[in-house]
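What follows is a short report on a single structure.
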Protein chains: 2
Amino acid sequence: MIKASIITIGDEILVGQTVDTNSAWIASQLRLIGIKVAEIISISDDSVLIKEAVDRELSKSDIVFITGGLGPTQDDITKKTLTEYFNDELKMNARILEKVEGMFKSINRPMLDVNRQQAMLPSTAEIIENDLGTASGMWFRKNKQSVISMPGVPFEMKGLMLKLIPLLKKNYPLNAFYHKTIHFQGIGESQLAHDIAAIETACRSNGISVAYLPSPGIVRLRLTGTLDQQTEIDSTLNQLQALFPEQVFGFEEDSLESVIGGMLKKNSASVGTVESCTGGAIAARIVTIPGSSVYFKGAVIAYSYELKEELIDVNHQTLVEFGAVSQQVIEQMAVNGRQKLKTDYCIATSGIAGPDGGTDLKPVGTVWVGIASARGVVSKQFQFKHNRERNIELTVVYALNFLRRTMLEHENKAV
Amino acid sequence: MIKASIITIGDEILVGQTVDTNSAWIASQLRLIGIKVAEIISISDDSVLIKEAVDRELSKSDIVFITGGLGPTQDDITKKTLTEYFNDELKMNARILEKVEGMFKSINRPMLDVNRQQAMLPSTAEIIENDLGTASGMWFRKNKQSVISMPGVPFEMKGLMLKLIPLLKKNYPLNAFYHKTIHFQGIGESQLAHDIAAIETACRSNGISVAYLPSPGIVRLRLTGTLDQQTEIDSTLNQLQALFPEQVFGFEEDSLESVIGGMLKKNSASVGTVESCTGGAIAARIVTIPGSSVYFKGAVIAYSYELKEELIDVNHQTLVEFGAVSQQVIEQMAVNGRQKLKTDYCIATSGIAGPDGGTDLKPVGTVWVGIASARGVVSKQFQFKHNRERNIELTVVYALNFLRRTMLEHENKAV
C-alpha cells in the first residue's frame with residue numbers, strides 16, 4: 001500500500017496559535033484514493049529541521065506532503081529550503097508571473113515586489129498552479145518518491161489537492177480499501193462500546209477494524225476492511241442502525257443539519273428557530289447547508305425576558321411564575337415561534353449555558369428544547385454538565401436530533 | 001530551554017476524521033511557562049509505532065506529552081503500551097476506582113466493567129487524577145526526562161494540563177521569554193507585510209521574531225523576544241496600533257466578540273442583530289462570551305423575503321425594486337431591527353453566500369452590512385470571492401469590526 005507522510009511547517013502551530021486543520025483534510029482525501037497516512041508531523045520554519053524531516057519521512061513513506069511556509073513574508077522559507085534540498089535553483093516562471101499579475105489586476109490592487117517573488121520557482125519541480133492564491137504547488141521527484149509542497153492557507157491547499165488527486169492516481173498504483181462511518185447522537189462512547197461489544201468483537205475477529213470518534217454529543221464509528229468485506233461492513237452498519245434508531249442519524253459525510261435538510265426537502269416542509277441560550281447557533285448551523293433557503297425561513301433570538309415577551313409573545317405571567325428555563329416557556333416559544341415564522345416546524349431552546357446564572361434547582365447546563373409542528377408541541381429537558389461553549393454545542397446537536405426524530409415519527413405515522 | 005514533544009495517538013487523526021485541536025492548546029499552555037514545543041507528531045494506535053515515537057521524541061525533548069488511546073474501548077492501547085515501555089505493571093488503584101464509582105453514581109448510570117478497567121494503572125507512574133472523566137493522567141519518569149500520558153478528549157485533557165502546569169514548574173528550570181500578539185482585521189497578509197516591512201526588518205535585526213498567523217479576514221502578528229526585550233516589543237505593537245487604527249482590534253487572547261463586549265459594557269450599551277446571509281452566526285458569536293446577556297438582547301434572522309417584511313418591516317416596494325442585497329434594504333433592516341430589539345446598536349447583514357443565487361450584477365460573495373445606532377445608520381458593501389462557508393465567516397468578522405469602528409467613532413466624538 002502506498003504510504004504518505006504529512007509535514008506542516010510553521011511556528012504558529014508549535015506555539016499553539018493555529019490549529020492544524022490541513023492535515024486532517026489531506027488525510028481524508030488520501031484515504032479516499034487508498035493512500036495510507038503513516039505519520040503527521042509539525043515542525044518549525046527552520047531549514048535544518050525541514051531537511052531533516054523530509055529525510056526522515058522519505059525513509060518511511062512514498063509521498064511526503066508539505067504545507068506551509070510558502071507565503072510572501074520573511075518568515076516563509078519552505079520554497080528556498082526544498083530547492084536547496086533537491087539541488088535545484090529558483091528561476092522566474094513567466095507563466096506563473098503572468099497569472100499572479102492577472103490576479104492583482106482582477107481585484108484592482110497594486111502588485112508588490114513580494115508578490116512578484118512568488119513566481120520565482122524551482123526549475124525542475126513540476127509546478128501545480130494555484131488558482132486561489134499566489135503561492136504555487138511544487139512536486140519534487142526523487143526516483144519513485146515524491147515531495148509535494150503546498151501553501152498552508154486551507155482553501156488554497158484544498159484547491160491544489162483536488163488538482164493533485166488525479167495526478168497521484170496516474171503516478172502510483174493505488175489499492176483502495178473499504179470503510180464506512182455511522183453517526184450516533186445521544187449515546188456516550190463507553191455506553192455504546194458496552195452495548196455493541198459482541199458486534200465489535202465479531203468485526204475484529206474478521207479483520208474489520210472499528211474506531212470510535214467522539215465529539216460533543218456525537219459518536220462516529222468507523223469500520224474498515226478490504227474491498228471484498230464491503231457487504232459484511234454494510235450489513236453490520238444496517239444492524240447498528242436498526243438497534244439504535246433514535247441515535248443513528250447518518251453515515252459517511254452526513255451531518256445532523258444535512259440530514260434534516262434532506263428530510264425537510266423531501267417533505268416540502270420548512271423550519272425556523274426561536275433560540276435563547278444557543279443565541280442563533282442552531283439557525284447558523286442550518287444555513288451552513290447550500291440551498292437551505294428552500295426550507296429555512298428565519299429565526300428569532302430572544303435572549304432577554306423582555307424580547308421573549310415582545311418578539312415571541314411569551315406570556316409575562318408564565319415567565320415570572322416558571323422562569324425562562326421551563327417547560328411552560330419553551331412550549332410557548334416553539335408554538336408562537338412557529339406561527340410568527342410561518343414554518344412547519346419550529347425548534348425552541350432555553351437554558352443556562354453558564355458560567356453564571358445557575359441555581360440549586362436549575363444548575364448550569366439545564367436546558368429545555370421544544371419542537372412545535374402542526375401536530376402540536378413536544379419538549380424535553382436536558383442536563384448538561386460542562387462549560388459554556390460545550391453546553392451550547394450540546395444543545396445544538398441534541399435539539400437537531402430531537403427535530404430529526406420528531407419528523408421521523410411524523411413520517412412513520414403518515415404512512 | 002526545556003523542550004517538549006507532543007504525540008497524538010489515534011487512527012482518527014491519520015484518516016482525517018478528527019482535527020487535532022489538542023496539540024495547539026497544549027503548545028499554547030507550554031509557551032506561557034517557557035517550554036518550547038520542538039515537534040508535534042500524530043501516529044496510529046499501534047504499540048510498535050508508539051514505542052518508536054516515544055524513543056525518537058525522548059532523543060529530542062525533555063518532556064513528551066502524549067494524548068489519546070486511553071478510552072475504555074478495544075482500540076485504546078496507550079496505557080498498556082507505555083506500561084510495557086517502562087517495564088511497569090498494571091495494578092488496581094483503589095483511590096481511582098472509588099472516584100470512578102462515585103462519578104457513575106452521581107449521574108445515575110450503572111458502572112460497566114470497561115469503566116472499572118480504567119482504575120487499572122501502572123504501579124510506578126505518578127497518577128494525575130482526572131476530575132472530568134474516567135481516564136487518569138500518567139506521568140512516567142526516566143532519569144530527568146518525562147513522558148506524560150493524557151486522554152484525548154479535549155476538555156478532560158485541558159483539566160489535566162491545568163493540574164500539570166504547576167507540577168512542571170516545580171520539576172523543571174523554566175526560563176520564560178516574552179511574546180505578544182496583535183490582531184488585524186480587514187488587511188491581507190501580503191499587504192500588511194509590505195506596509196510594515198521596515199518595522200519588521202528592524203525587529204528581526206534585533207533578534208525579535210515576527211510571525212504572521214492568517215485566518216479568514218484576520219491576520220495575527222506575533223512578536224517574540226527575550227524577557228528584556230519586553231519594552232521594545234510593546235512599543236512596536238503600540239506603533240502598529242497607531243498606524244492601523246481601523247484594522248487593529250486587539251492583542252493576545254482578544255477576539256472581536258470579546259473586544260466588542262468590553263466596549264458595550266463600558267458604555268452601558270446593548271446590541272442586537274438582524275441577519276440574513278449569516279443566519280444567526282453573528283449573534284451566536286456574540287453569545288460565546290460569558291456574561292454577554294448584559295449587552296446582547298436578541299436577534300431576528302430574516303432569511304426569506306417574506307420574513308424580512310413581516311418580522312422587520314422592510315418595505316415591500318424596496319425589496320422588489322432593489323433586491324434583498326442592497327443598501328436600501330440593509331439600512332431598513334438595521335434601523336427597524338434596532339427599534340424592534342430596543343438596542344443601542346443593531347448589526348444587519350444581507351448577502352449572497354453561494355454557491356447559488358449569484359447574478360452578473362451581484363455575484364456570489366456580494367454582501368451588505370449595516371450598523372444602526374442613535375446617530376443613524378451606516379452601511380458598507382463587501383465583495384468576497386470564496387465558498388459559502390468562508391463568505392459567511394468573512395461577513396461575521398467584517399461586520400463585527402465594522403461595529404467596533406462605529407462604536408469607536410462614537411466614543412471619540414463624545415469626548
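Just so we're on the same page: letters track the sequence lines, and every chain starts at 1.
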Under a 4.5 Å heavy-atom cut-off, does chain A meet the side chain of [X], its backbone, both or neither?
X: B:Val15; value: both
X: B:His386; value: side chain
X: B:Lys60; value: side chain
X: B:Ala197; value: backbone
X: B:Lys385; value: side chain
X: B:Thr181; value: side chain
X: B:Leu14; value: both
X: B:Asp20; value: backbone
X: B:Ile6; value: neither
X: B:Phe155; value: side chain
X: B:Ile13; value: both
X: B:Ala211; value: both

Determine whether [X] and [Y] make a side-chain contact, defined as any pair of heavy atoms from C-beta on separated by less than 4.5 Å.
X: A:Glu200; Y: A:Arg204; answer: yes
X: A:Val219; Y: A:Leu192; answer: yes
X: B:Val300; Y: A:Ile301; answer: no
X: A:Tyr212; Y: A:Glu189; answer: yes

Please collect all side chain to side chain donor-acceptor pair (under 3.5 Å) contacts where either partner lies in residues 278-291 of chain A, sequence neighbours excluded, each pair once.
-> A:Glu275-A:Thr278, A:Thr278-A:Thr349, A:Arg285-A:Glu393
Between [options], which has the largest tally of heavy atom pairs under 4.5 Å with chain A?
options: B:Gln29, B:Glu12, B:Glu389, B:His194; result: B:His194
options: B:Ala353, B:Ala27, B:Cys277; result: B:Ala27
options: B:Gly279, B:Ala193, B:Ser209; result: B:Gly279
options: B:Ser304, B:Ala4, B:Ala299; result: B:Ala299
options: B:Lys297, B:Lys342, B:His179; result: B:Lys297

Exercise answer: donor-acceptor pairs, residues 289-296 of chain A side-chain atoms, under 3.5 Å, sequence neighbours excluded:
residue: A:Ser292; atom: OG; partner: A:Ile289; partner atom: O; Å: 2.8
residue: A:Ser292; atom: OG; partner: B:Arg388; partner atom: NH2; Å: 3.4

